Structures are given as C-alpha cells and as structure tokens.
Amino acid sequence: MPRGRSGPDARCPSLPPMRVRFAPSPTGLLHVGGARAALYNWLLARGSGGEFLLRIEDTDRERSTPENIEQILDALRWLGLDWDGEPILQTTHEERHRAVVQQLLAEDRAYRSTATADDVRAYKAEHGADKGFRGGDHPTRSHDPEVGAVRLRVPEGQTVVRDLIRGDTTFQNVHQDDPVVARADGSPLYNLAVAIDDLDAGITHVIRGEDHLSNTPKQLLVLQAMGAESPVYAHLPLLHGPDGKKLSKRHGAASVQELRDAGYLPDAVVNYLALLGWGDADDETVISREELVRRFDIARVSKNPARFDEQKLKWLNGKYLRGQGVDGLTATIRGHLDATGHGEAIAGRDELLRTAVEISQEKISTVDDFWALAGFLFTGPVDDEKARAKWLDEGHREHLAAVRGTLAGLDPFTTESVDAALRALVGERGVKAKDVFQPLRVALAGTAVSPGVFESAAALGRDETLARVDAALAA
RNA sequence: GCCCCCAUGGUGUAGCGGUUAGCACGCCAGCCUUUCACGCUGGUAGCGAGGGUUCGAUUCCCUCUGGGGGUACCA
C-alpha cells in the first residue's frame, strides 16, 4: 500500500479511520508542546472517525507516580481532549517486551554486549566519527545469555522515515550504532517498547514531537527485525519561547495547568494551539472545535518551529470570553474565584456578580483579569495613591461633593438615570466631563481603571455609592 | 565532533515559477469616548546571504549563514 505525503486532495471526501495515540511520560505538568501533540492526534482521530488512545510511558518508575499521571489526565480533560478506552500503562506490557527481546536474541537479530560508552567512543575513534558502533564481533560481545545489554543488529543499507509533514528522511544505517534495546537485566528500553506497543495497539499514525525524529529509525529497525509493518509518522516542529529558545517555565506559562491558572479558557487554548504551526488557505482565525476537527490536515502542518507567544492567545481568549455570554462567563468566573480564594467575597451575591461580569466583560482578556478590574465592587475601593492624588485633589473634591448632592436624591438609581443626572451636572457646571466622572470613579473603585462609572455606581446601588463618596470626601 | 531537521514582517501563517506578497496578533494613528477596553478605519513592517536553473524566482537545485533536535544499559 503506497503511503507517504498525502496530496492536496488526499483527504477528500473522507479519511480512512486513523488510530492514533498520545504517549506522554508522566512528569506532572502537561507541557504546551505535549498538549499540542495531543490535540493534533485528537483532531485526526475525531476527524477521521478513528480512535485516540492514551498511553502512559511509565517505565521510568521514579517520575511515574499516580499523582503525576492524574495530573496529565486532568490537563487533557480540561482541554476537552477525550481519549478512547482506558489509559494504557506501558509497564503492563513488560512481559511482551521481554519476549520480543528473547526472540530477537534467538534469531540472532540481537546480541549481548558489555560495551560501555567508552568502548563505543574508542570504536569511533578508530573507525571514524560517522561510523556507528557494531558490537557483533567486537571483544565486548558476550556469549553468556545472562551477561551484557542487548543490542540490535543494524543491517547495511538505509532506513527511510516516511513523514506526513516533512516527506521522506533517509538515515544511513552505517551512522547508526547497534542500539541497546534492553538492559543487562533484560528490562526493555524506550525505543523497543514504543515500537512494540504501537504495533500491538494497531497504531496507524504516530504523531509526536520532532525531538523523536532521530528515534524513529531505531524504532523502524526494531519493527523490521520483528518482520512487522510500520506505521506512518508525522513529526511536529517543536515549540519555542518568545526568545527562540526551547519553551520552558522561565518563559511564563509553559504548561496547560499554568494556562488554566492564568485564566485562559480551554477552547481558546485549543484554538490557539491548533493555529500554532498549522494554517490552511482559509484566513479565519477564530475557529470552533468542530470546525477544527473538520478542517485540520496534518499534511499542512508547518515544518518550522513556532514560538509560543502569549499575546495572540490573550486576544483569542478575550474573543472566547465574550462569546460565552454573560451567564456562561459568570459561571466560569465564579469557578475561578472559588478556586483562587475569593469565594467568600462573592458568596451570596449572585446578582452583583452577574452585573459585575456584564459590565466588565469587554475590558478583560482572561478570567483572571476580572478580579483586578471589578473586585472593588465586592471588597471596597483599592488603594491607588496616584489616582487619588490626581482626581481627589481640592478642585475635584468640590465636583465630587456636587455629584453627591445630585445622586443623593436620585430615584430610580440606574445606569441610565445616573448617566443623565451626571451629564446634566456637567452641563450646569460648565466643566469637562472627566473632571466630574473621574473623581467619582476613584471614589468608588479607588483607582482610575474600572468598568464604566455609571454602571459601577448602579451596580453598587445608591447607599453604597454615597457611602464611598462620603469616605472619599472625608479622607 | 558526528547524524538529522528547519528558514516569508517583531510573532503565527497564506503562497506551491509571473501576485500591488494575502490574513491574524502586536505596534502606530484616527474615529467612538467618562478612564481602560471593546468595536471600526487607516498605517508601519517580510521572502536570511551568495551562486545556479529559467524568458522570469519567495517558490526548483547547490553552498554558506542562522536557528533547532538527537547523539544513554533516560523517556
């Protein structure tokens, strides 16, 4: 069956079902690069009516704690990337891996060797730096079945990685060392385990980060030694930080968990990640999950590494925030406030919260922005020295006193009525609008940046508004 | 050192031999306006360099330069 780079119309009208997998090693946080790999796999599975499997590469027992595994699952759930079946733990396949090692040994496709890193270096010093280590008839070759690591015999020739994103990459086998596929104690190593697991799971497409590109020929060699078919590959370019260096914690949010805590919405993160390294002829930027599933094409993924730049994600997040509608956004924000220790401040104030969200939504781009902007409605004015100095000086206090007089007898006390009354006051006094509005804003919020003043006053109600004005006047 | 990948504005991308090089974020300006935003309008800015191939290269080939990945009895 011919495969390889799919042509421009290869995915029309519909793809054959793809069975794909995401195989993270459970280090705790789900790195955004990993999240993107998971997303692309998920999009392909859902778009082709196939399956998305989750396999935990837990052979490193140190890091593979139940807590770490749970964290990864949690992050995937939050993103809405549901997997098919139960998560598979790689360690549960160890028996099969060992059996394959024994078979390779029995067929002389692998051998035992006690060669150390120094032995390999010495070999290269003698044969050339670009010559892979061959231990088959090297002094370190071990004939005792209990002694030495297991190395795979790399045959002559070349190994071609067929990649949906970058076409064929040819690796000359001479450059490859005979890879160690199992430790001296017989325990399987990564490249062996992965190849076997993907084979056994019937994975049709392996989509993973480019950091695995040079592992792929080794895995292909294992499959070849087993006489098995190989899957199709796609290696995604890596994600870099704004400075072009590998993305890490010091660049700010580098994991899904951090993005969640920073107040981003899963849909926005998914949309952003999908567009980071992929784009099609359509110029749309805000693309729904369903649309993404329909349109995503692995062959159109970019070959160059992309920088993770939070600015666009912020913008996109604002779009999704406002797209939720006031009730949806209120629920989202309530959840975030509960999780960040502000649950008490909003308890029992549902009406005010909804109003606060309504008048704040166009001014925030993350869920986390809400409290900084509108928290004053619940907890009283914040303390911004500069704002007070500028807007509550002698001259402005006089205007504020007039404002108090106007608002004191206002009924009803609504955004509209406050608006009309204050504008009338501005007209009477013959001053600039902001000289009247800003002092009130600072009296209510304690700072010069807030939702609209009329809206804020109405949200607080007349009594609270007057109390805050009095406090400002008295200070 | 050795093996491998990549290269369109500051960022993410469209382009698949002939385009005024398109879109989005950012940035700047204007409008709106009670601050900040949202929204709208306009603007700034790009094919890494050098060789080829071709009537014609951002597009194809080579070299260089610059990024990146790998190089474990880790995953």
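As the structure is a prediction and not an experimental result, all values here were calculated from the model.
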| query | Under the ring-ring contact (aromatic ring centres under 6.0 Å, His included) test, which residues partner A:F437, sequence neighbours left out? | reply | A:F454
| message | Among residues at least two apart in sequence or on other chains, which ones pass salt bridge (charged side-chain N to carboxylate O under 4.0 Å, His left out) with A:E310? | response | none
Give me, pair by pair, the N or O atoms of the protein and of nucleotides 37-45 of chain B that are less than 3.5 Å apart, along with how far apart they are.
| from | atom 1 | to | atom 2 | distance (Å) |
| --- | --- | --- | --- | --- |
| B:A37 | O2' | A:E362 | O | 2.3 |
| B:A37 | N1 | A:E362 | OE2 | 3.4 |
| B:A37 | N3 | A:E362 | OE2 | 3.1 |
| B:C38 | O4' | A:E362 | O | 3.3 |
| B:G39 | OP1 | A:K319 | NZ | 3.1 |

| Closest to the A:R300 side chain: B:C74, B:C36, B:A14? | B:A14
| remark: Those residues at least two apart in sequence (or on a different chain) that pass ring-ring contact (aromatic ring centres under 6.0 Å, His included) with A:Y272 are A:F308
| Would A:D419 and A:R423 pass as an ion pair if we require N to O under 4.0 Å? | yes
| task | Identify which nucleotide among B:C4, B:G22, B:A75 has an atom closest to any side-chain atom of A:Y190, counting heavy atoms from C-beta outward. | result | B:A75
| field | hbond_proxy A:N215 side chain to B:A75 base (donor-acceptor, 3.5 Å cutoff) | value | yes
| Are A:D383 and A:R388 close enough for a salt bridge, meaning some N to O gap below 4.0 Å? | yes
Might you list the N or O atoms of the protein lying below 3.5 Å from N or O atoms in nucleotides 5-7 of chain B, with each pair's distance?
| from | atom 1 | to | atom 2 | distance (Å) |
| --- | --- | --- | --- | --- |
| B:C5 | O2' | A:R166 | NH1 | 2.3 |
| B:C5 | O2' | A:E210 | OE2 | 3.4 |

| message | When both hydrogen-bonding distances must be under 3.5 Å and the geometry is Watson-Crick or G-U wobble, what is B:U54 paired with, if anything? | response | none
| query | Salt bridge check: are A:D118 and A:R121 linked by an N-O gap of less than 4.0 Å? | reply | yes
| said: Counting only heavy atoms and a strict 4.0 angstrom limit, can you tell me which residues of residues 144-153 of chain A come near RNA chain B? | reply: A:A149, A:R151
